[in-house]
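Encoded as C-alpha cells, the structure appears first; notes follow it.
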Protein chains: 2
Amino acid sequence: MNDTSFNSRDCGTCPIRHRAVCSRCEPDELEHLDDIKYYRTYEAGQPVIWAGDPMEFVASVVTGIATLSQTMEDGRTQMVGLLLPSDFIGRPGREHAPFDVVAVTDLTLCCFRKKPFEDLMGSTPSIGGRLLQMTLDELDSAREWMLVLGRKTAREKIASLVMIIARRDAALHKRLPKDGMEFDLPLTREAMADYLGLTLETVSRQISALKKSGVIQLQGKRQVHIPDLQRLVSETGDDVDGGHIF
Amino acid sequence: MNDTSFNSRDCGTCPIRHRAVCSRCEPDELEHLDDIKYYRTYEAGQPVIWAGDPMEFVASVVTGIATLSQTMEDGRTQMVGLLLPSDFIGRPGREHAPFDVVAVTDLTLCCFRKKPFEDLMGSTPSIGGRLLQMTLDELDSAREWMLVLGRKTAREKIASLVMIIARRDAALHKRLPKDGMEFDLPLTREAMADYLGLTLETVSRQISALKKSGVIQLQGKRQVHIPDLQRLVSETGDDVDGGHIF
DNA sequence: CGCGAATTTGACCCGGTTCAACTGCTGTGG
DNA sequence: CCACAGCAGTTGAACCGGGTCAAATTCGCG
C-alpha cells in the first residue's frame, strides 16, 4: 500500500505515458481518461483476475510484471502472455476474462472502468487506434512465441527467452542490446518453464549448460551477463539477420 | 482464372460480407472501399507473400484456405495462423510481411491497396473498430494455440485440431457442432504437423489411434465423422464446460 | 543457527522423432 | 488397358531429448 509518486494521478509524470494505450491522446482527451481512471496495486504472487471472472475494468501495467496463463484440470499450465509496464490488460467488448492474470512482482495498474472506457473509445479514435496497434504487435509476438513452443529445442528455448528479456531490458533503457550487457531474469525457473513449455528441471539444466559453454555468465541465480550477443543469437536458432529490426 | 460469381465486384452478394473487416460498414462506406478493392486468385500451393516482402496490399480471404507460417534456416516450420474465409491478411502500419502466407486450396482474396486503406481507416471508425475486434479474437485463439503447442500430448493435440475444425465447420453452416457431424480435414498430414508442432508420422499414428479407439471415424483419408462429440472433447484435455461459449 | 523455498543435479524412463520400408491412389503415356 | 512414376499416407524399429522422480545444495531470512 505504499503510494509511490506515479500514484499521484498525474499523467504528466506517468512512466508509461509514451507507450501505453493513452500515448496518442491530446491533453483534453487525457482529462476524460483521468475521470474514469484509478490505481490499484497487487503484491507479488497475488492474482489479478481468474479466467472466467467478470471483468469490471481494463488496465495498463504501470510498474511491475504480471503473467497471463492457462491451466488445465490436471495442473499443466502454459504462460500465454508476459505483461510488462505499458502493456494493456483486458479487452473492450468482452464480459469475462479468458485467462488468469497473476502479479509476479509487486504490481501497479492504471485501471479504467470498462463501460466508460468503451464509450470513450467510441468517441476517441486515438485510443482505439493505439490499442489496435498494440494488439497487432502482441499478435506478432504471440506468433513468434508459437515457433519457440512448437519447434525449438530446450536449449534454443532458453536462449530465446534470455534474448527476449535482453531486448526488452534494452528497450526500457532506450538503447540497443550489446555485448557485455547485464540484466535481471524477472522470473523464477518455474515461471520460465511455464513460459517455454518445459519443466523447471530442464530449464535449470539448460541454463547451467549455457553457462558452462560460456554463452551466458551468472551472478547469483538471477543476474545475467552476456559476453557475446551474437553468440547468444546463434544459440536461439533464429535467423542471424532479418526479422527483429529493433 | 475462372471468375466465379463473387468476383462480380458486388459486395451485396459477397459470401463474407457479414464477418469480414467491412462487416460494420454502411452503404456509403462500402462505396469508398469498393473504389480501392480488387480481387486476386491463387492456385493451391502458390505463395501469396514471403516473410520480409514489402506488402502493397491488405486483404480479406473470400474463398479458400491459406496458412501463415514461419520457417527456420534448417527447415523446421511452424504454422502460426490458419486463414479461412473472412479472415484478414496484413496489417496497417507495417511495411514488410512478418510471416509467409501460402494458399492451401485455391484461394480468392479481396485486396485493398495498403495506403488508401490506411487513409480510409483513419476516416472510418467502423473499419478500425471491426479490425480491432477481429485482431483481439485472433490473439485469443493464438493464446489457446500456445497451450496446445506447449503442454498437450500428441493425442490431445490431434483431438484439439479436429475439434477446432469441427467448430469452424459448424460456424460456417451457422449451427452448433453436434454428435454425428461430418466434415473434411482441409489439411494434409504434414500441414497438421506444422500446425501442431509434431512430425507427420506422429500425426498419422495418432489419427489411427483415435480411429481405432472409436473417437473418430474416417471415410477416406480426409472425411471425418464424429459419433460422440463429448468423447472427442474429453480427448482434447480441455475443461469440459468453460471457455468456449460458442 | 536452522527452516523452507528455490534451484541444481542425478538416474531412469518414455513419448515422440528419425530413418526407412511399404501401401494405395491417381494420373500419364505406351 | 496396363505399367509405372509420383505423392500422400501408413507402419515399423531404434534412438534420444526432455520428463519424472528423488536427493542434494544453495540461498534468504526470522
Side-chain angles (χ1 to χ4, degrees), chain A residues 43-45 67 72 74-78 102 104-106 148-162 184-213 216-224 235 237, chain B residues 43-45 65 67 72 74-78 102 104-105 148-162 184-213 216-224 235 237:
Chain A
E43 289 175 24
T67 61
M72 299 170 68
D74 61 7
R76 284 176 280 175
T77 86
Q78 175 63 53
V102 177
V104 176
T105 62
D106 287 348
V148 173
L149 289 173
R151 293 303 188 192
K152 290 193 178 181
T153 64
R155 172 179 261 245
E156 289 169 340
K157 284 179 175 183
I158 296 292
S160 299
L161 177 56
V162 173
D184 245 40
L185 295 177
L187 302 175
T188 64
R189 300 288 184 263
E190 186 178 23
M192 294 186 229
D194 287 344
Y195 189 110
L196 297 170
L198 296 171
T199 59
L200 64 90
E201 292 94 332
T202 299
V203 170
S204 177
R205 276 187 252 272
Q206 295 299 335
I207 287 179
S208 298
L210 286 177
K211 184 172 64 175
K212 190 153 70 179
S213 45
I216 60 175
Q217 290 163 22
L218 294 183
Q219 272 95 50
K221 306 288 182 192
R222 299 291 191 88
Q223 181 81 359
V224 180
E235 292 283 357
Chain B
E43 288 177 24
I65 298 179
T67 60
M72 299 170 68
D74 62 8
R76 282 175 281 175
T77 87
Q78 175 64 53
V102 177
V104 176
T105 64
V148 173
L149 289 172
R151 294 301 189 191
K152 290 194 178 181
T153 65
R155 171 179 261 245
E156 288 169 340
K157 285 180 176 183
I158 297 291
S160 299
L161 176 56
V162 173
D184 245 42
L185 295 175
L187 302 174
T188 64
R189 300 289 184 260
E190 185 179 23
M192 294 187 231
D194 287 344
Y195 189 112
L196 298 170
L198 295 170
T199 60
L200 65 89
E201 293 93 333
T202 300
V203 169
S204 178
R205 276 187 252 272
Q206 295 299 335
I207 288 178
S208 298
L210 285 177
K211 184 173 62 175
K212 191 154 67 177
S213 45
I216 61 176
Q217 291 164 20
L218 293 183
Q219 272 94 51
K221 307 289 182 192
R222 300 290 192 89
Q223 182 80 0
V224 180
E235 293 283 355

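Just so we're on the same page: letters track the sequence lines, and every chain starts at 1.
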Problem - Side chain Lys157(A), main chain Leu196(A), donor-acceptor under 3.5 Å - result: yes

Completion exercise
To the nearest angstrom, the NZ-C1' distance between Lys212(B) and dT10(D) comes to 12 Å

Problem - Base-contact (B) and sugar-phosphate-only (S) positions in nucleotides 3-10 of chain C, heavy-atom cut-off under 4.0 Å, - elsewhere - result: ----SBBB

Exercise for the section: Would you confirm whether Arg151(B), through its side chain, and Leu198(A), through its main-chain N or O, come within 3.5 Å as a donor-acceptor pair? Expected result: yes

Problem - Length of the line joining Ile158(A):CD1 and dG17(D):C1', which is rounded to integer Å - result: 14 Å

Problem - Residue pair Ile158(B) / Ile207(B), side-chain heavy-atom distance below 4.5 Å - result: yes

Handout entry: Ser213(B)-Arg155(B) side chain donor-acceptor pair, cut-off 3.5 Å
Key = yes

Would you list the atom pairs, donor with acceptor, under 3.5 Å between side chains in residues 186-193 of chain B and any protein atom, with sequence neighbours excluded?
| unit_1 | atom_1 | unit_2 | atom_2 | d |
| --- | --- | --- | --- | --- |
| Thr188(B) | OG1 | Glu190(B) | N | 3.4 |
| Thr188(B) | OG1 | Ala191(B) | N | 3.0 |
| Arg189(B) | NH2 | Lys221(B) | O | 3.1 |

Practice task
Using whole Å, report how far NZ of Lys152(B) lies from P of dG15(C).
Solution key: 18 Å

Practice task
Nearest whole angstrom, please: distance from the C1' of dC27(D) to the CD of Gln223(A).
Solution key: 16 Å

Exercise for the section: Return the value, rounded to whole Å, for the distance between atom CZ of Arg155(B) and atom P of dC14(C). Expected result: 18 Å

Practice task
Whole angstrom is fine here: how far is it from CD in Gln78(A) over to P in dG19(D)?
Solution key: 12 Å

Completion exercise
To the nearest 10 degrees, the angle between the two end axes of the helix from dC1(C)-dG30(D) to dG30(C)-dC1(D) (five pairs per end) comes to 20°

Practice task
Provide, to the nearest angstrom, the distance between the CG atom belonging to Leu198(B) and the P atom belonging to dT18(C).
Solution key: 11 Å

Exercise for the section: Answer with base, sugar-phosphate or nothing: what part of the nucleic acid does Gly220(B) contact at a heavy-atom distance below 4.0 Å? Expected result: nothing

Handout entry: Gln206(B) CD - dT11(D) P separation (whole Å)
Key = 12 Å

Exercise for the section: Could you list the residues that satisfy salt bridge (Lys or Arg N to Asp or Glu O under 4.0 Å) with Glu201(B), not counting sequence neighbours? Expected result: none

Exercise for the section: Identify, with sequence neighbours excluded, every residue that meets side chain to side chain donor-acceptor pair (under 3.5 Å) alongside Thr77(B). Expected result: Asp194(B)

Exercise for the section: For Gly237(A) and Glu156(A), work out which heavy atoms get closest and say how close. Expected result: CA-OE2, 4.0 Å

Problem - Short side-chain N/O contact to dG18(D) OP1/OP2 from Thr199(A), under 4.0 Å - result: no

Completion exercise
Hits for side chain to side chain donor-acceptor pair (under 3.5 Å) against Ser204(B), two or more places apart or cross-chain, chain-then-number order -> none

